[in-house]
Amino acid sequence: MATFLHRIGQGAFKRRWLVLLLWIVLLGAAGAAAANSSGTSSSNITLPGVEAQKAFDLLEEKFPAADATGASARIVLKAPDGEKLTSGDQKAKVAQLLQDVKESSSGIAQVTDPFTGGAVSADGTTGYAQVTYKAQAADLTEQDHDRLDQVLDDGRDQGLTVEASGNALAPAEVDASSEVIGFVLAALILVITFGSLAAAGMPLLTALIGVGITGSAVTALTATFDLSSSTSALATMLGIAVGIDYALFIVSRYRSERADGHDAKEAAARANGTAGSAVVFAGLTVVIALVGLAVVNLPILTAMGMAAAGSVTVAVLVAVTLVPALLAFAPQRVLGRKARKQQEQVVREADEPRGKKPLGERWAAFILRRPLKVLLVAVLGLVVVGLPATKLELGLPDDSTQSTSTTQRKAYDMLADAFGPGFNGPLTLVVSDPSPDTAHTAAGDLTKDIQHMPDVAAVAPAAFNPQGDTATITVIPKSAPASDSTKDLVHDIRELTRDPDRASGAQALVTGTTALNIDVSAKFTSAIIPYLALVVGLAFLVLVLVFRSIVVPLKAALGFLLSVLAAFGALVAVFQWGWFKDLFGLETTGPIMSLMPILTVGIVFGLAMDYQVFLVTRIREAYVHGADPRKAITDGFRHSGRVVTVAALIMTAVFAGFIGAGEDMTKALGFGLAAAVVFDAFVVRMTIIPAALALLGRRAWNLPRWIDKILPHVDIEGEKLARHTPTPAGTETREPIPTHDGGR
């Protein structure tokens, strides 16, 4: 691998203009495809195979007219204090407002009357009207949104309290500041670290090109694959983070090789062969983790994983081809002013003052003095931080999770106050049978049985399709949608529909937001074990191949579990319990988005293996080239400690920038990933792993001989390059290098 990438680095360095042109052409082609795409992101979540989704599919089949219905909005109205909507004046105001709504757009198909439709609260103060459009939500124009908003404002001017919800409202504006904030912070960290605008600019430029390509590709494919807005956000988030980090490692290694006396071309080639090999295998573990999300069989999660995996793949390709080419454009400027002044002398990689050891080496020395104590304190600390994860609650986002300043949240609260907490989470029972008589009998029996359940507030009469073979029964719970009582009610109704003693035999399925939420949680719970087994198993094999050890990959996997546990604990404490919520700009707290845990597991595992590969390969490189185990740890930290720290700070900054996003899932994902990177990079990879390596000594690098014989030698440490190293004068040396490589 090192030799192959060494040749690629040499070729890219020689043909820098051609390589740069090819990537610019790819960026332009992707951008053109995105510009010509008219697709909009989707917010739909489908769950193939679960009961709630089967019910939705059955409704689409049996009620085609309802399926053809376009966008909708629910307008909630409340009379001024001390008055009722049913009074003459207020009733006239409501009638005028609804007439204005109907006339606000030619695309409106229907506006219901709350007074004739039974949509007024028992005390007469609050009511709601349903607005249905002919067009889909994505096809509504800005003018449609503005006119509806204006009508609502006019109603407020009349003294009514008017709020609304639904997909016919104007979508929230996409806030690009998250990406900008993370990018700016990353740029500052790079400039401070390298002391060179050229060295700092290369990782930023390559990351922009990679993200530009993948972001444009996702945009172009949005309509074809019905992608969600979260798909693009995740691909961008990971693309920026790994794109900067991967380029950072190669540029840093280039500076190190120049400090060792190699000319620019050979230094770029060697950096590509050694650090580039680590980038390839680190990227491979991330891709495995992201592609593995497909085992959940949730389309939105599969799409997010595939798009993010594509972003990481492009970042790897950019790093091992474009970075060496860019190094050829500024071979001296990348070194920094101090290094250029010391060009005739031995230039230190870390540019530290003489006599002062790099911080990474000092940190390694601290760990080596007391490895057992350090190990125990670090592990105990992560366990304590992770304790809140035992109280993790999952849910799907709805209007109750939105900011209290939004009209959707105000409408939600008004309906809950007027009609009961369960009104916002109705359950839909779909009853179907080829025989209309059987369907009618079953619907009648189920309606009577459900009415007597303790947590049921109301049951609407069954509504049949024209054929009479399928009915929908709306059930209003007494408790809130996310409460345990409502979840128990869903289970009770499903148990009732599956009762073998029911004589009718008609099919009965429960759906609705709460039912879908339960099914999502159950699906993720059942998928997490096979997903972990698949991802950890494949990545374990990759790491065995990289490190030629059984113990090191095993420690990497166990360390990942501690990282993700601590990340979940922090996520629960902030986003579910509300600790420090003001610090992170949270207005409301609640259950964590259902797909967050498995998505976070996939991403964090990949990133954890990134730092494992970047840091431990340098330790192994020193060990393979003759250092004893403890000296290898010190050497690895001296060469990679600072750059891994910088990489982790950059990735943390990029992820933390998304905490300011408007979408709850993106906000929580950014926080969870930022916390996970901090825990994994600084506590696990840079503290627990070296402490464990110090305690194990040579045993950490042992590999059974029978495994050693069947494993291919990928030479990620660049041993072959070290044996055939061109000197600064252009001659070549061939020296035997001592190794301690297990069974080798």
Side-chain angles (χ1 to χ4, degrees), residues 1-29 194 196-210 212-213 243-283 313-336 339-340 343-344 347 349 643 714-734:
M1 176 63 74
T3 305
F4 173 69
L5 291 175
H6 181 276
R7 290 197 297 268
I8 290 179
Q10 279 187 329
F13 194 93
K14 292 178 182 177
R15 299 171 177 82
R16 56 187 180 275
W17 283 108
L18 177 61
V19 174
L20 179 60
L21 179 62
L22 288 175
W23 280 109
I24 291 176
V25 169
L26 283 175
L27 178 61
F194 281 134
S196 164
L197 290 176
M202 282 187 188
L204 297 174
L205 177 61
T206 55
L208 280 176
I209 291 175
I213 292 173
I244 293 175
D245 277 6
Y246 291 168
L248 167 66
F249 275 91
I250 294 178
V251 171
S252 178
R253 187 60 184 253
Y254 170 82
R255 287 159 60 101
S256 176
E257 296 296 338
R258 290 299 302 273
D260 288 341
H262 297 289
D263 62 30
K265 184 174 74 174
E266 179 60 22
R270 286 176 60 83
N272 215 46
T274 51
S277 296
V279 165
V280 169
F281 281 99
T313 301
V314 170
V316 171
L317 295 175
V318 168
V320 299
T321 57
L322 184 57
V323 171
L326 293 180
L327 288 171
F329 285 102
Q332 295 297 113
R333 291 184 177 277
V334 172
L335 301 180
R340 291 199 299 271
Q343 190 67 45
E344 293 83 12
V347 184
E349 174 193 314
V643 73
V714 295
D715 188 27
I716 194 172
E717 304 86 6
E719 184 179 344
K720 291 182 180 179
L721 297 179
R723 292 178 182 274
H724 307 286
T725 303
T727 66
T731 60
E732 187 174 276
T733 61
R734 296 173 180 265

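This structure is a prediction, so every number in the text was calculated from the model and none was measured.
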Closest approach of P203 to A247 (non-hydrogen atoms, all atoms of both residues)
CA-CB, 3.6 Å
Could you check if a side-chain atom of W17 sits within less than 4.5 angstrom of a side-chain atom of F329, using non-hydrogen atoms only?
yes
Give the minimum heavy-atom separation between G212 and L27, together with the two atoms involved.
C-CD1, 3.6 Å
Verify, without hydrogens or angle tests, whether R253 (side chain) and L248 (backbone) share a donor-acceptor contact under 3.5 angstrom.
no
Answer whether the closest heavy-atom distance between the side chains of T206 and Y246 falls below 4.5 Å.
no
Closest non-hydrogen contact found for F249 with A275 is O-CB, 3.6 Å
Check this for me: L197, atom CG, are more than 12 non-hydrogen atoms of other residues, nucleotides or ligands nearer than 6.0 Å?
no
When you compare the side chains of W23 and T321, does any donor N or O come within less than 3.5 Å of an acceptor on the partner?
yes
Given side chain to side chain contact (heavy atoms under 4.5 Å, CB included), test F13 with V19 step by step and report yes or no.
CA-CA 9 Å; F13 194 93; V19 174; over 6 Å; no
CG of L326 to CD1 of I209, rounded to nearest 0.5 Å, is 6.5 Å
Start with the C-alpha distance between F4 and I8, add both sets of side-chain angles, then the distance that settles side chain to side chain contact (heavy atoms under 4.5 Å, CB included), and finish with yes or no.
CA-CA 6 Å; F4 173 69; I8 290 179; 3.4 Å; yes
State whether the side chain of R255 and the backbone N or O of V334 hold a donor-acceptor pair below 3.5 Å, judged by distance alone.
yes
Closest non-hydrogen atom pair, R16 against A325:
CB-O, 3.4 Å
Could you tell me if the side chain of E257 sits less than 4.5 Å from the side chain of E266, heavy atoms only?
no
Donor-acceptor check, side chain of R7 to backbone of G11, threshold 3.5 angstrom: yes or no?
no
OG1 (T274) and CG (L5) are apart, to the nearest 0.5 Å, by 9.5 Å
Does H6 offer a backbone N or O that forms a donor-acceptor pair with the side chain of N272 under 3.5 Å?
no
Do P331 and K265 make a side-chain contact, defined as non-hydrogen atoms from C-beta onward lying under 4.5 Å apart?
no
Could you measure the distance from the CG atom of D263 to the CZ atom of R258? Nearest 0.5 Å is fine.
7.0 Å
d(D245 CG, S252 OG) to nearest 0.5 Å is 11.5 Å
How many angstroms lie between atom CG of D260 and atom CZ of R270, to the nearest 0.5 angstrom?
8.0 Å
What's the shortest heavy-atom distance between G243 and A207, and which atoms?
C-CB, 3.9 Å
